[in-house]
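Taking it in order: structure first as C-alpha cells, then the write-up.
Throughout, protein chains are lettered first and strands after them, A, B, ... in sequence-line order, and every chain is numbered starting at 1.
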Amino acid sequence: MPAMFDVVTSRVNFPDLDAEVLDYWKERDVFRRSSEERPDAPLFMMYEGPPTANGSPGIHHVLARVFKDVISRYRTMKGCRVIRKGGWDTHGLPVELQIEQELGISTKREIEEFGIAEFNRRCRESVFRYVKEWEVMTDRIGYWVDMDDPYVTLENDYIETGWWILKRLWDRGLLYQDRRGAPHCPRCVSSLSSHEVALGYRENTPDPSVFVKFEANEWIGGATPDIPSYFLAWTTTPWTLPGNTALAVSVDADYSVVETTDDNGQTIRMALATALLEVLTGDYTVAQEVKGSELVGLSYRPLYDATRYGAPIRQFVAGVDGQTALEDAESYSTRVVSADFVSMDDGSGIVHIAPAFGDEDLGLGREHQLAFVQPVDLQGIITGSYPFAGKFVKDADPEIAADLTERGLLYHQGIYRHTYPFCWRCDTPLLYYAKTSWYIRTTAVKDQLVGNNSRINWYPEHIREGRFGEWLRNNVDWAISRERYWGTPIPIWQCDHCGAMDCVGGVKELAERSGEDLDDLDLHRPYVDDVTWPCSSDSCPGALRRIPEVMDCWFDSGMMPLAQWHYPFENREIEQDGRLPADYICEAVDQTRGWFYSLHALSTLMQDDIAYRNVICLGLILDGRGRKMSKRLGNIVEPDSILDAHGADALRWYLFTASHPGEPRRFSDRLVQQTLRQVLLTLWNVYSFFTNYANIDEFEPSQIPGDWRPEAELDRWVLAELNQLVQVVDGHLDNYNPTDAGRRIAEFIDVLSNWYVRRSRRRFWKSEADADKMGAYATLYTCLTTVARLMAPLAPFVSEQMYRNLELKFNPDAPDSVHLTDYPVADPSLIDETIMDATRLAIRVSSMGRAARSKAGLKVRQPLASVVVRTRTPDEAKYLDWVAEQILEELNIKSLRADGGEQDLYSQVQSAAGDDGDSVVSVDGYSAALEAGYMVAVDATITPELADEGLARELAHRIQNLRKGARFEITDHIVTYYQGPDDVARVMTTHGDYIKQETLSESLLPQLPVDEAHAETAKVEGMEVTLGVQRVASG
RNA sequence: GGGCCUGUAGCUCAGGCGGUUAGAGCGCAGUCCUGAUAAGACUGAGGUCGUUGGUUCGAGUCCAUCCAGGCCCA
C-alpha cells in the first residue's frame, strides 16, 4: 500500500486549520529552531517597536505586526538568522492618566497626597494588565517574536542603560537645561509633549480677536509725535498683553501710516501693514508709506507698566559663549524689533511680543535682549496688582478688553475662530508658558541626522525627503524632561545649596557617590529620590538631591537598540556582531516624530550611525467607510472577530495586498472575506483537487523522475508562469514589498485554477496511466509545493499545512516546517516567453469565443462546426496552431481556421459593426466578437448531427448531476435508467459509448428507474425525460 | 499657516519611459458553464480619470493652479 496524501475536503475551516498549525509549531518548537539551528547564518535584525500593554490590541496593531512578520519569515527562508526580541513600553503619561482616572483624581497635588510610591506601584501593575491578550493575539496571527525574553522599559537594567546614555551626552555637553516657551496645562501644572498636544487640537475654537493701539514715544525718523501716534497690533490672547515687552515687524514688508479720528473725535495716526489695511473699520487716509525697517527701534509705552503693577521683571543679557542669561531688573523699555515670522495673512502685520509666553517670543527676547515680564503663575492666575489680578487668564480676557476700551487703546474687537490646543486629559486650554526644561542638543548633530537619513531605505520612499527629512531639517533640541512621576528618572543630582550638578551613569556609580548599597534599589521615584550625598564643592554645606523630572518615554523606546541588551554593562559584543543597526523596522506613519525619530536621533548621537537600514512606514487603518477608527465613533474592529470568522491567513493576506504599505487602508469584514474566497479558497480547491485524484491514481512524488522536464503545452506554459512568478515575488519581498508579491501570487493562483486545472481536468480523469498523466501530476505538484513556499511568509498557516501533506509526508528527511525550508529559486530555462504569449492569446480567444456564442444563444454544451480567428498581428497567428487544441476544447468547437485568404470574414464583420468598436455581430451565418483588433467568429449553424451530440452532452450532464446529488464517490460505477422521446432513445444509442464513459455507466437501460435508484424527471431541450442512477458493487 | 500623501466605475484597487478603444475584483440585472471549486464564464447598466489652465502631433500619465480628504506640524 503506497503512502497517500491526507484527504483534503473542499470545505475547509481556516480558523481550525490555524489552531492545528499553531499546535504543530509549538510541539516542534519551530520558531526557536528557525534561528537557533543556524548559528553561523548571517544575522538579520528586526527591532520591535514596543507597544504598551495597558489596553487591548486593535486591528492597527495586527497590521504592524504582520508586516514585521512577513519580512522576518522571508529572510529566514533566505537563509538568515533573524533576531526579533519582543518589547514592552511601560512608562509615560498615558499610563499615569489611566491610574488617575481609576483613582478619581486629576492633579499633581492629589497624586502627591496619595503617595508617589503607591501611585507608581499601580502604574507598574497596570502596564501588564493586557499582556496576556497581546500574547494571545500575537500568537494567533502567526507573528513570530521572542515574547519569552522581551525587553521591558521599566526594568532596572533597561533604565541603567538610559542613565549611561544620558551621562555620555552630559559629558559631551549635549544635555542642558533651558527656558523655553512650552505648551503647559495650568490645571495639571505640567508641560505637555508635542505628542500630547497633538491629541488635543480643536478646530473652530472661538477666541477674542483684539486690535490694540500701542502709543508711540517716538515716530518715524526719530521724531517726537505731534499728534497721538500708535502701532496697531493684534492678538487672540489678551491675557498675554501685560507681558508685552516688544512689537515685531517684518523689515522688508510695506507699512502704511494712516490718519483717522478716535472715539473722541481727535485726529490720530496709526501704523500697520499695507497689505492688511482692510482690517481698519472706519474712514482713514494713508499719510505715508514706509518699509518695516523704518519702524524698527522706535520705542512705545507698555499697556501695563510692570513696575506699577508689581509683576517680576527680568532682562535678557548677553552671557558667556553666546548664551543669554536672564537677570532681575528694576525697570524696562519697550520697542519695535524685526522678526522673520511676522505674517501678512492675518492681524495687522505688527505682532505683540511677550517672551514669558510663546516660544517664538522667547527666542526673539533672547535675540534682541528684551525684557521678560511674567504676570501669570503656573496655575494660569494673573498675579500682581493689576485690576484683573487673581483671575484665571481666560476669565481676565474680557476685563482686559474692557479696561483698554475705557483707556481708548482698543481699536476693534471681535471673535476669531482657529485651531487651538487643549489639554487632552482635562480640556483646559493650553497656555504657552516660558519655563525651564532639560534638553538634548540634537541641533549639534543636525547635519549628521540629515546625512545619515540619506542612507536609510524608506518604504514608501517619499518619507525620506518628505515628512522625515523635513522634520530633521527643521530640527530643534529635544525636550526630554517631564515634571511627572512614572518614567525613567533623569539621573542628575543638584546641590541644594550651591547648585552644582552631577550626572550619574549607572547604579554602581550612584552607590559609590552615596556610599550606600543600592543593589536592591528600585530606580523609580520615589526611591531613587531618597539617595543623596554631601556636596563636594569647597566647604559647601549642601547636599546633592535628584532633580524631580523624569524622561520623555520616547527616549525610552529610542534607546532600545542598546538598552534591550543592557549595554554596556553586559553584551559588549553587540558593537561588532551585527546587532547594530537594525536591518528592518516597521511601524505606522505616526511614529515619524516618535519612535523613528528617537531611534535615529539617539543612534546618531551615540554612534554617528543609522539605527535601521530599512523601514516600512505604514498608513493608517480606516473603517469600511474611510473614517479613522476610534472608540468615540464605535467603529473599532476587534481582531478576534475577524480571526474567528476567516482565519489568520485571510486577515494577513488582506492587510498585505489591499493597498501599498504607505497608503491608508480601509478595513471591513466583507473585504477580508472576499480575499479569503478569491485567493485562499481558490488555492485550497486546487490543492483538494490534486490530492483527491493523486490518491485515486496512487500518485506519489517519488514517481517523478529526477530529470523530468515538462512536455505538454499546458505544463510548459504553467511552469513558465510559475518560474517567472518565483523571480518576481522574490524580487518584491527582497524590496520590502509584500503587497505586489501577494498580488502576483493571487494572479497566479487565478490562472492556475481557471486555466491550467480547468484545461487539464481530463488528463487527470482518464483511466490509463501514461506519460501525459504523469506530466500533469508532476506539474501540478510542482506548482502547489512551490506556491506553498512562495507564500509561506505571507500566509504561514495554509502554506504549512500544504507543505506537510504534499512534501513532508513523503520525505522524512525534509525540514519539519515550510518555514525552515529554503525560499524557491526560479529555473530560468523554464521561462518561455513565447508559450506565455501564446497561452495568453488562447485565453483571450476563448473569452471572445464565449462572448460570440453567448450573444447568439449558443450554449457551450452544444458542439459547433468551426471557428474563425483573426489576430491583431501575423506573429500571433503563428501561435494559433500551438494552442488551437486548447481553444477548441474550451469552446467545444470542431475546427479552427485563421481568417484571411479569399473569404476575408474580418472586413465583412468590421463593416457590419460599423463604428461600434468592440461588439458582437452576426454575419453570414457566423456570430463574431470584435475586440482591440481581434476577431473570433463561430459558425452558428447546428446540423442534426451536431444537435444529437449536444443532446448527448446534455444528457451526460444531467446524469452527472444525479450522481452528485446521490453523493456517489467519483470512482463509483453505476447503471443508468432512462425514459423519454425517440430523440433521447436515439442519442442514448448512437452516443452511448460517450455517455457511458463520461458517467461511469456500465449500462444504459431504456426503462423507468428501479425504486433503489436516484431519479428525476425533467425537461431536457423541451422534452420530458426521466433519468435514474444506481450504484453497482465496485469490481 | 507649513510639510507630506491621496483623489480613476456604487465599493476596493490596477494603470513601467506620455501612444490603438482606460482595466480587474466585489455589488446589481440577466444568461451560461461545472464530477475540484464556497467557484467560474459571458452580456448589460455604471467613468467629464477631483477642477481649471499649460507643455505636446498626442495627457489618466508631465507642469502649474485651485478644490476635497487624510496624516504630521505650527
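- Aromatic pair A:Trp684/A:Tyr687: centroids less than 6.0 angstrom apart.
- What separates CG of A:Leu276 from C1' of B:G1 is a distance of 14 Å, to the nearest Å.
- Residue contacts shown for A:Phe764 are absent, as no nucleic acid heavy atom lies under 4.0 Å away.
- A:Arg473 places a side-chain N or O within donor-acceptor distance of the main-chain N or O of A:Glu465, the cut-off being under 3.5 Å.
- Using P as the reference atom, B:U51 and B:A39 are 37 Å apart when rounded to the nearest Å.
- Across the protein-nucleic acid pair, A:Leu680 atom CG and B:U37 atom P stand 18 Å apart, rounded to whole Å.
- The nucleotide B:C26 finds its pairing partner in B:G10, both defining distances of the Watson-Crick or G-U wobble pair being shorter than 3.5 Å.
- Counting all heavy atoms, side chain and backbone alike, A:Phe596 lies closest to A:Cys617 at CE1-SG, 3.8 Å.
- The CZ atom of A:Arg467 sits 9 Å away from the C1' atom of B:G70 (whole-angstrom rounding).
- Between A:Leu676 atom CG and B:C26 atom P the separation is 14 Å, expressed in whole Å.
- The phosphate of B:G3 has neither OP1 nor OP2 within less than 4.0 Å of any side-chain N or O from A:His462.
- Using a 4.0 Å cut-off, some side-chain N or O of A:Tyr693 falls inside it from OP1 or OP2 of B:A36.
- Residue-environment remark: CD (A:Glu889) exceeds the threshold of 12 foreign heavy atoms within 6.0 Å.
- Set against B:A38, B:A14, B:A36, the side chain of A:Arg677 has B:A38 as its closest nucleotide.
- Between the P atoms of B:A29 and B:C5, the separation comes to 42 Å (whole Å).
- Checked against the 6.0 Å centroid threshold, A:Tyr654 and A:His646 do not count as a close aromatic pair.
- Between A:Asp750 atom CG and B:A36 atom C1' there is a gap of 15 Å when expressed in whole angstrom units.
- Distance CD (A:Glu889) to P (B:A41): 18 Å, rounded to an integer number of Å.
- In this structure, A:Arg743 reaches the sugar-phosphate backbone alone: every heavy-atom distance under 4.0 Å involves primed, P, OP1 or OP2 atoms, never a base.
- The base of B:A36 sits within donor-acceptor range of the side chain of A:Ser753, with an N or O pair under 3.5 Å.
- At whole-Å resolution of the value, CD in A:Glu470 and P in B:C5 are 11 Å apart.
- At a threshold of 4.0 angstrom between heavy atoms, the contacts of A:Asn754 are confined to the sugar-phosphate backbone, with no base atom among them.
- Nucleotide B:A74 has no partner under the Watson-Crick or G-U criteria, as no pair reaches both atom distances under 3.5 Å.
- Across B:C13 and B:U6, the matching P atoms stand 13 Å from one another, rounded to whole Å.
- Taking atom P on both B:A14 and B:G2, the two are 29 Å apart, rounded to the nearest angstrom.
- Remark: B:U21 base-pairs with no nucleotide in the shown strands. Criterion, Watson-Crick or G-U wobble with two distances under 3.5 Å.
- Summary of the strand contacts: A:Glu360 and A:Ser659 both lie near RNA chain B, and taking for each the nucleotide with the nearest heavy atom, the more 5' one is attributed to A:Ser659.
- Pairing for B:U31 is with B:A41, a Watson-Crick or G-U wobble pair whose two hydrogen-bonding atom distances lie under 3.5 Å.
- Here the shortest heavy-atom pairing between A:Leu784 and A:Leu683 reads CD2-CD1, 4.0 Å.
- Computed from coordinates, the A:His732 NE2 to B:G16 P distance equals 14 Å when rounded to whole Å.
- Comparing A:Glu954 and A:Val686 by the nucleotide of RNA chain B that holds the closest heavy atom to each, the one mapping nearer the 5' end is A:Glu954.
- Under the Watson-Crick or G-U wobble criterion, with both distances below 3.5 Å, B:U48 has no partner in any strand shown.
- Between A:Phe699 and A:Phe690, the two ring planes are perpendicular [angle over 60°; tilted spans 30° to 60°].
- The partner of B:A59 cannot be assigned: no Watson-Crick or G-U wobble pair with both contacts below 3.5 Å exists in any strand.
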